[in-house]
Novice: 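So that we are looking at the same thing, I have put the structure below in structure tokens.
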Amino acid sequence: MPFKLPDLPYKYDALEPVIDARTMEIHHGKHHGTYVTNLNNAVAGKPDLEKMTIEELCRNIEKVPQDIRGAVRNNGGGHYNHSMFWTIMGPKGASAAQPSGKLADAIKSAFGSFDDFKKQFVDAGLKRFGSGWVWLGVQNKKLIITSTPNQDNPLMKGVAETTFEPVMGLDVWEHAYYLKYQNRRADYANAWWDVVKWPEIEARYAKVT
Ligand code: MN
């Protein structure tokens, strides 16, 4: 099996009270786990796809045979997106509450202030009807905020509405918040900032600029 469910870099309850342990357990073990299983099933017997990294697979989604492209798009996207998501979070108070350095400067330049950035990011997540992700990314050397439906991600050239280098993404599927927040996506998105691990996002930004 070429693709594996990564271990969480912390315990299920590490993001309490922002994200409850039961949600993390189901989200990681069941939702992400199922994407990995389905992705492995989709690429089974196709060595050229089996040897790719998940990032390469997303970037080359147009080259995936049409009969499995939908499965790879949904489950490969799910695997990439969640693998990113777990790493950009950490316990509340464990790292700085705001970005610093070049990322902080770029956010200020693109969005006016850190608070304006947060507001625009949350708004984009609220406007995403149904299931999807909201992203901060780099496109033509500029920071942008946008969202994708389902498990699409901005690496999927020819499939995604727009492509760019993802810096951070927030899962706005109901499965990410329903147990604790029910229908209150705004409460979840606004609370989420408390568990964002800025040093990791600064490192991801440095890699794509
Ligand atoms: Mn999810």
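Note that these values count all heavy atoms, side chains included, but never hydrogens, waters or copies made by symmetry. For the single chain, residues carry numbers from 1 onward in sequence order. Counting starts at 1 for both ligands and their atoms, following the listed order.
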Novice: Check ring pair (Phe, Tyr, Trp, His ring centres under 6.0 Å) between Y188 and all other residues, then give those that pass, not counting sequence neighbours.
Specialist: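 Y188 satisfies ring pair (Phe, Tyr, Trp, His ring centres under 6.0 Å) with Y177, Y181 once adjacent residues are dropped.
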Novice: Are any N, O or S atoms from H175 nearer to the Mn ion (ligand 1) than 2.8 Å?
Specialist: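 Given the 2.8 Å cut-off, H175 counts as a ligand of the Mn ion (ligand 1).
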Novice: Classify the ring geometry of H79 against F3: parallel below 30°, tilted from 30° to 60°, perpendicular beyond 60°.
Specialist: perpendicular
Novice: Ring centres of W86 and H27 under 6.0 Å apart?
Specialist: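 Ring centroids of W86 and H27 are less than 6.0 Å from each other.
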Novice: Return the name of the atom in H27, of element N, O or S, nearest to the Mn ion (ligand 1).
Specialist: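 Considering only N, O and S atoms, H27 comes nearest to the Mn ion (ligand 1) through NE2.
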Novice: Output all residues satisfying side chain to side chain donor-acceptor pair (under 3.5 Å) with W198, sequence neighbours left out; order by chain, then residue number.
Specialist: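 Per chain and number, W198 pairs via side chain to side chain donor-acceptor pair (under 3.5 Å) with no residue.
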Novice: Report the name of the N/O/S atom of D171 located nearest to the Mn ion (ligand 1).
Specialist: OD2
